[in-house]
Participant: 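The structure's right below; bear with me while I get my questions together.
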Amino acid sequence: MESYNFDKLIDRTGTDAYKYENLKSVFGRTDLLPLWVADMDFETPPFITDALRKRMEHPVFGYTVKPKDLWPAVTDWIESHHGWKVKSEWLTFIPGIVRGIGMAINVFVKKDEKVIIQPPVYHPFRLVPQANHRELVYNPLHENADGSYSMDFENLEKVADEKCRMLILSNPHNPGGIVWDRETLVRLAEFCYSRNILVISDEIHCDMTLWDNKHIPFASVSDEAAACSITFGAPSKTFNIAGIVSSYAIVPDDSIRHRFYSWMEANELNSPTLFSSIATVAAFREGEEWRRQMLHYVEGNIEYVIGFCKEFLPEIRPVRPQASFLVWLDCRNLGLNHEQLVDLFVNKAHLAFNDGAMFGQGGDGFMRMNVGTPLTIVKQAMSQMKTAVDSL
Ligand SMILES: Cc1ncc(COP(=O)(O)O)c(C=O)c1O
């Protein structure tokens with residue numbers, strides 16, 4: 001069995017990497033360890049680069065049809081990993097999940113209708129509806145005494161009025177790394193189905209559950225869930241190919257599917273690019289061993305962060321993620337206001353993390369750290385954090 005090397009440091013300069021090139025414009029300086037944007041610093045696995053390279057050997061890159069194995073590769077993967085039987089005809093390519101959210105808003109939410117989100121949550125869930133001039137309704141997550149999160153159904157009853165047409169679900173949830181349990185998803189489906197609210201279930205992080213956590217696809221939990229939802233997925237986070245853009249939508253309900261897919265077809269937004277299909281098939285047909293080893297490595301990085309904070313930075317409490325490579329750091333015990341906290345991380349610790357406030361209500365006092373990077377970088381980041389906190 002091949003053993004993959006996640007310790008390898010890869011110089012990304014000169015590749016127009018977003019997380020490096022935007023340091024100056026976002027943080028005001030460039031001398032920062034960039035552990036923010038959610039891609040990983042690991043090498044894209046060789047079975048993907050080999051498949052792309054093989055196609056590059058042919059000198060013509062003309063218009064292409066979908067490879068025959070594209071949807072079987074996706075449906076086989078979903079069935080074997082998540083126990084959900086997806087029919088090929090339920091699937092379509094989408095040109096990115098954030099774009100998918102934008103398209104779904106334009107198709108399903110009228111100008112005077114509203115979109116529900118549950119902060120703290122991935123910020124485009126707020127930015128995309130806002131940019132499309134749709135009103136947002138907030139149902140903040142409930143923070144439990146042990147620091148974990150639950151959905152607040154009592155508040156949802158209160159805030160959801162008859163103008164609410166869509167709820168955007170992060171499943172698993174970014175930034176908290178929450179793997180939603182079946183009971184929560186069933187209850188959410190009952191609620192949304194009964195009020196004619198379409199659930200957009202963004203499952204981009206679903207193939208990265210950690211330890212013994214198990215992802216449950218929203219649409220698989222009940223007939224109601226299947227009848228009121230669009231699921232978005234992609235191999236892009238798991239296999240570190242975000243730049244290739246390889247997302248898909250799954251819509252089991254005939255009428256929702258017809259409405260959404262005919263609009264996409266009319267605008268030619270549903271055709272995969274040449275390289276996205278090749279990368280997707282390679283990832284889902286050959287990627288299981290790499291995925292397991294990558295997640296095992298990420299678990300080690302998370303344990304390091306948790307252990308380090310416990311020993312040297314007790315004021316910072318990492319929320320142990322149940323999925324993905326993002327660690328939500330509760331820094332409220334440092335007693336700093338928002339400006340001071342950002343100043344501490346950026347100007348004293350020289351760390352580019354996502355500032356929790358950007359994820360909306362409940363995010364203040366938190367920082368999101370990306371540990372999809374070699375352990376030496378994680379160690380360096382924690383040491384820089386300690387030096388900065390010690391200087392307070
Ligand atoms: C929850 C979530 N959805 C979507 C995306 C981005 O997806 P895409 O690049 O396909 O738009 C991210 C990236 O961080 C994410 O965390």
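Both counts, for ligands and for their atoms, begin at 1 and track the order of listing.
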Participant: Could you tell me, atom by atom, which parts of ligand 1 come under 4.0 Å of a heavy atom of K237?
Facilitator: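 By the 4.0 Å cutoff, the relevant atoms are 12 (C), 13 (C), 14 (O).
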
Participant: Using a strict cut-off of less than 4.0 Å between a Lys/Arg side-chain nitrogen and an Asp/Glu carboxylate oxygen, indicate whether D41 and K19 qualify as a salt bridge.
Facilitator: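 Yes, D41 and K19 are salt-bridged.
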
Participant: Could you list the atoms of ligand 1 found under 4.0 angstrom from a heavy atom of D202?
Facilitator: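 Listed by number with element: 1 (C), 2 (C), 3 (N), 4 (C).
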
Participant: Yes or no: does H173 have any heavy atom under 4.0 Å from an atom of ligand 1?
Facilitator: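 For ligand 1, residue contact (heavy atoms, under 4.0 Å) with H173 is absent.
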
Participant: Could you list the atoms of ligand 1 found under 4.0 angstrom from a heavy atom of G96?
Facilitator: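 So the answer, numbered in order with elements, is 10 (O), 11 (O).
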
Participant: Measure from atom 9 (O) of ligand 1 to the protein's non-hydrogen atoms and state whether any distance is below 4.0 Å.
Facilitator: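 Given the 4.0 Å cut-off, atom 9 (O) of ligand 1 does not count as touching protein heavy atoms.
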
Participant: Is the F47 ring parallel, tilted or perpendicular to the Y4 ring (thresholds 30°, 60°)?
Facilitator: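 Perpendicular: the ring planes of F47 and Y4 meet at over 60°.
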
Participant: Which of the numbered atoms in ligand 1 are under 4.0 angstrom from any heavy atom belonging to S247?
Facilitator: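 Atoms satisfying the 4.0 Å criterion: 10 (O).
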
Participant: Measure from NZ or CZ of R285 to the centre of the six-membered ring of W77 and say whether it is under 6.0 Å with the direction within 45° of the ring axis.
Facilitator: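 Pair R285/W77 does not count as cation-pi.
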
Participant: Specify the protein heavy atom at minimum distance from atom 11 (O) of ligand 1: its residue, its atom name, and the distance to 0.1 Å.
Facilitator: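 Ranking protein heavy atoms by distance from atom 11 (O) of ligand 1, first comes V98 N, 2.9 Å.
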
Participant: Suppose we measure from atom 7 (O) of ligand 1 to each protein heavy atom; which comes out shortest, and what is that distance?
Facilitator: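 Ranking protein heavy atoms by distance from atom 7 (O) of ligand 1, first comes I204 CD1, 3.3 Å.
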
Participant: Considering non-hydrogen atoms only, spot the tightest contact between H215 and P172 and give its length.
Facilitator: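 Result for this residue pair: ND1-CD, 3.8 Å.
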
Participant: Should R259 and D253 count as an ion pair when the cut-off is N to O under 4.0 Å?
Facilitator: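 Result for this pair is no, no salt bridge flagged.
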
Participant: Less than 6.0 angstrom separating the ring centers of W36 and F27, yes or no?
Facilitator: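 For W36 and F27, the ring centres are under 6.0 Å apart.
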
Participant: Around atom 6 (C) of ligand 1, find the nearest protein heavy atom and jot down its residue, atom name and distance.
Facilitator: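 Among all protein heavy atoms, the one nearest atom 6 (C) of ligand 1 is Y122 OH, 3.3 Å.
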
Participant: Check whether the side chains of E288 and H81 place a donor and an acceptor atom closer than 3.5 Å, and report yes or no.
Facilitator: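 There is such a pair between these side chains.
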
Participant: Which of the atoms in ligand 1, numbered in the order shown and given with their element, are less than 4.0 Å from a heavy-atom of A38?
Facilitator: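 Matching atoms, with element in brackets: 14 (O).
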
Participant: Any N or O on H205 sitting closer than 3.5 Å to an N or O of ligand 1?
Facilitator: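 Looking only at distances, the answer is yes, because the N/O contact criterion of under 3.5 Å is met.
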
Participant: Heavy-atom contact check, 4.0 Å cutoff: does R99 meet ligand 1?
Facilitator: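 Judged by the 4.0 Å heavy-atom criterion, R99 does not count as contacting ligand 1.
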
Participant: Please say which of K379, E303, M382 ends up in a side chain to side chain contact (heavy atoms under 4.5 Å, CB included) with F308.
Facilitator: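 By the side chain to side chain contact (heavy atoms under 4.5 Å, CB included) criterion, F308 pairs with just one of K379, E303, M382: M382.
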
Participant: Considering only heavy atoms of I97, which atoms of ligand 1 have at least one such atom less than 4.0 Å away?
Facilitator: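 Close to I97: 4 (C), 7 (O), 8 (P), 10 (O), 11 (O).
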
Participant: Can you tell which of K163, H133, R134 makes a side-chain hydrogen bond (donor to acceptor under 3.5 Å, both in side chains) with D112?
Facilitator: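 Answer to the side-chain hydrogen bond (donor to acceptor under 3.5 Å, both in side chains) test with D112 among K163, H133, R134: K163.
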
